[in-house]
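Everything below concerns the one structure shown next.
Each chain gets a letter, A, B and so on, in the order the sequences are listed, and its residues count up from 1.
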Amino acid sequence: MIAKVIVDVPVSSVNRTFDYLVPDDLTDSVKPGMRVAVPFGPRKLQGFVIELTEEASVQKLKKIIELLDPVPVLTGELLTLGQWVSEKTLCFLITAYQAMIPAALKATYQKEFRLVDGIGLEDLPDEAGEWFKYRENIPLEDLMKVSPTPLALFQKLVQKNFLEVIYRMSDKITKKRIKVVQRRGTEEERVKAIESLSTQAVKQKEILSFLHGYDRPVVLKDLLEMFDTTRSTVQALARKGLIEILEKEIYRDPYEDREFKRTKPLPLTLQQEQSIQPVLAALEEKRHETFLLHGVTGSGKTEIYLQSIDRAIRMGQEAIVLVPEISLTPQMVNRFKGRFGSRVAVLHSALSAGEKYDEWRKIQRKEVSVVVGARSAVFAPFENLGLIIIDEEHESSYKQEENPRYHARDVAVQRGEHHRCPVILGSATPSLESYARAQKGVYTLCELSDRVNKRDLPSVSVVDMREELRAGNRSMFSRELFEKINERLERGEQSVLFLNRRGYSSFILCRDCGYVGECPHCDISLTYHKKQHLLKCHYCGHQEPMPSRCPMCESQYIRFFGTGTQKVEEELTRLMPHARVIRMDVDTTGRKGSHEKLLNQFGEGKADILLGTQMIAKGLDFPKVTLVGVLAADTMLHLPDFRASEKTFQLLTQVSGRAGRHELSGEVVVQSYTVGHYSIDLAADHDYHSFYETEMRIRREHKYPPYYYLSLLSFSHTELLKAVDASEKSASYLRQKVSPGTIILGPVVSPIARIKDRYRYQVMIKYKNEPRLSELISELLQHFQHEMDVNGLQISVDMNAQNIM
DNA sequence: AGCACGCCGACT
DNA sequence: GTCGGCGTGCTC
């Protein structure tokens, strides 16, 4: 039997299957989709079995070394889907497959040196012999740690056949095990055993009697606690052969010690009913259809998700729910765990690799029917999918910004077609792409225009901060916002203050000469971190001490500018000393669980004001929040991104939705320096449709998505000229080959011209119909293959560019 | 990627 | 004559 295997080497020259002989003892167990260890050249690598055949394409074959999985990690569907992903995104097959399984299953490789059989320490020069005194194998890694490294000597000894090289492969799996105790023998034997115990062995007798009447394994730790004894008692029993101590694999359950209040389906409003019906119909008929569920904040989208999933489960099917990483909050998880209990697996980045692996295995073993997770959960290995839901479908985090550069929305639809099941895209502010598709009839549009509790959407007032400045208010709070926060303080209600930090981090500036602290490796200004009193680069990690004098002109008047949450917090405490503030940003939520803790504190009313960045924009639902303040609505508008308006609109709508979700009605104050911009004004009016119309007009005019597709080629090189040259050649090559309607822009220097000492240029391709584009780009990559392999040229391809940075 | 092989200049 | 630098080509 021959296995076609994709090996774990992401380079174009081996982006194909290699044939291996399946040893006789594995022919029954090997299946497509399993991971195997195979010899590859002198090395030992991990690979995926793609196909089993009888015919080999070459004469001399090597054998599979071992199987790494008892059951396939990739289903037949996922194997095909991987191919699709690699074609659509132009990535290597292995990269697509690796993205589908938990990182814990990725192999790590180690190279070690060992004495050849029959060679003794005395045969080696002392310098090498030293190493083998206490160990048989010396990892290459260890040799590299000492300087000067004895690597050359070791290599020489390998050539002389004194040492040999071993390639070790292991995966990062960390299955967690616990010890369990189980009874042994027949009933009679056990009765006899109990009697045979010495009268002094009181505890042993107790334990044995207990186990006698218990036919399942007992967790050792529990047993010890139950009988208030120690390990030695149990071990004594095991030594006598009366019981067995076994190791059992267990799951780490990140939610184990938490109780979930079980919820029942809520009665649906008329609008909800109208939206859910077509979904249920598609479900029942096992028919693929993509629904765009456009519902204002608070319109009860989640209840529609829950009841649709419930139907799928009742039909014996499974469901995937994607949520943006940032809103995968405990509140969100609770809603799903509350309805479906232990049938839910949760996959998000806050889990450790081991925890993620355990959650994933619950899916693989069909122990759950629902997975709630971020982007990569779209690859959950369900085989009987009944429903895929993408909540907040407009979120940019559904697009992976590294290889494979896939969009979870596209993958979801692809899987929906395969399983002939509905896909729901839900949002209060659908992406223009999706809404346009719904308008064209590609997706089915379901609109929820009313809030479930019939509350009006909060009233939004937009404040012109330039006016404030003219009126002599130099603080970052307008008079209106300040006043309203104070009202809330007096009434015992809560406020949420939102600071959009992007493009607004604190940089340092010399007031005398205008010097701005910049990263020496990237063309980007350094960010001041108050806690450590350091300047850091957010792109390459470079850091340097904060200077006390300007490095250029030695002036003392060097200060940091811009507004971070820390600065806002300082000003808040200065202006309102009695207000209790909780600040949430990357600095305060770094540790696992701290995010949840802070939110709980706020929910319990332990603070008056919640101040934070993006992470508080979504999913928060606290009854006492009646005021939302947006400190600077327009910071994002000035970024070099054609989606800036769309993102601003979405963010403002999202944030406004945090206010007045319950009995108390809410108010929103939006501060801005770009007053009169349609994205801000229309968000204040809660007018998605006008925004859609306005923005679509602009997109059409400038030939941007959704009217055109957008692909981006990025070229980077440590030498400026090499980057320019490759990008120019590529642009002119494409211009020659593409169809007349297609637009090739550039090459232009990237918005961040240099990162990690590499100069960056880009070429943008806008097209309506260009079936040969993938092919053309593949040709380009092939042409530059050599320069990429040996001369340090990097070309990255994004077939569906979301951001052009 | 990582490795062997092979060619060429530099040095014991 | 041997060592080690890097360009080339292959991995079932």
Checklist entry - When you list every nucleotide of DNA chain B with an atom under 4.0 Å from a heavy atom of chain A, which one comes first 5' to 3', and which comes last? => result B/dA1 to B/dC3

Item to check | A/K536 atom NZ, over 12 foreign heavy atoms within 6.0 Å | outcome: yes

Item to check | Nearest-angstrom distance from the residue atom NZ of A/K62 to P of C/dC12 | outcome: 4 Å

Checklist entry - Hey, is the main chain of A/N800 close enough, under 3.5 Å, to the side chain of A/D798 for a donor-acceptor pair? => result yes

Item to check | NZ/NE/NH1/NH2 to OD/OE distance under 4.0 Å, A/R405 and A/E401 | outcome: yes

Checklist entry - Which is true for A/K4 with a 4.0 Å heavy-atom rule: it touches a base, it touches only sugar-phosphate, or it touches nothing? => result nothing

Next on the checklist: Looking at A/R760, is its backbone amide N or carbonyl O close enough to the side chain of A/S716 to form a donor-acceptor pair, meaning the two atoms are under 3.5 Å apart?
Outcome noted: no

Checklist outcome for this item: To the nearest angstrom, the OH-C1' distance between A/Y167 and C/dT11 comes to 12 Å

Next on the checklist: In dot-bracket form, 5' to 3', how is DNA chain C paired? Count Watson-Crick and G-U wobble pairs only if both distances fall under 3.5 Å, and write | where the partner sits on another strand.
Outcome noted: |||||||||||.

Next on the checklist: Looking at A/R415 and A/I388, would you say the former's side chain and the latter's main chain have a donor-acceptor pair under 3.5 Å?
Outcome noted: no

Checklist entry - Where do A/F715 and A/Y761 land on the ring-ring contact (aromatic ring centres under 6.0 Å, His included) test, with the steps shown first? => result CA-CA 5 Å; A/F715 304 80; A/Y761 275 77; 8.9 Å; no

Checklist entry - Hey, what's the ring geometry for A/Y398 with A/H407, parallel, tilted or perpendicular (30° and 60° as the breaks)? => result tilted

Checklist outcome for this item: A/R43 atom CZ is separated from C/dC12 atom P, nearest whole Å, by 10 Å

Item to check | Atom-pair distance (NZ on A/K156; P on C/dC3), nearest Å | outcome: 7 Å

Next on the checklist: For residues 29-78 of chain A, which residue pairs pass the ring pair (Phe, Tyr, Trp, His ring centres under 6.0 Å) check, not counting sequence neighbours?
Outcome noted: A/F18-A/F40, A/F48-A/Y97

Indicate every side-chain donor-acceptor pair of residues 87-94 of chain A with a distance under 3.5 Å to a residue at least two apart or in another chain.
residue, atom, partner, partner atom, Å
A/T89, OG1, A/V85, O, 2.9

Item to check | Residues touching DNA chain B, which here means a heavy atom under 4.0 Å, drawn from residues 7-27 of chain A | outcome: A/V9, A/V11, A/S13

Checklist entry - Does the pair A/E433/A/R643 count as a salt bridge with the N-to-O cut at 4.0 Å? => result yes

Checklist entry - For the pair made of CD in A/Q785 and P in C/dG9, what is the distance, rounded to whole Å? => result 13 Å

Item to check | Interatomic distance, A/K60 NZ vs C/dT11 C1' [rounded to whole Å] | outcome: 8 Å

Next on the checklist: Test of understanding: with side chain to side chain contact (heavy atoms under 4.5 Å, CB included), list the residues that count as partners of A/A99, not counting sequence neighbours.
Outcome noted: A/P404

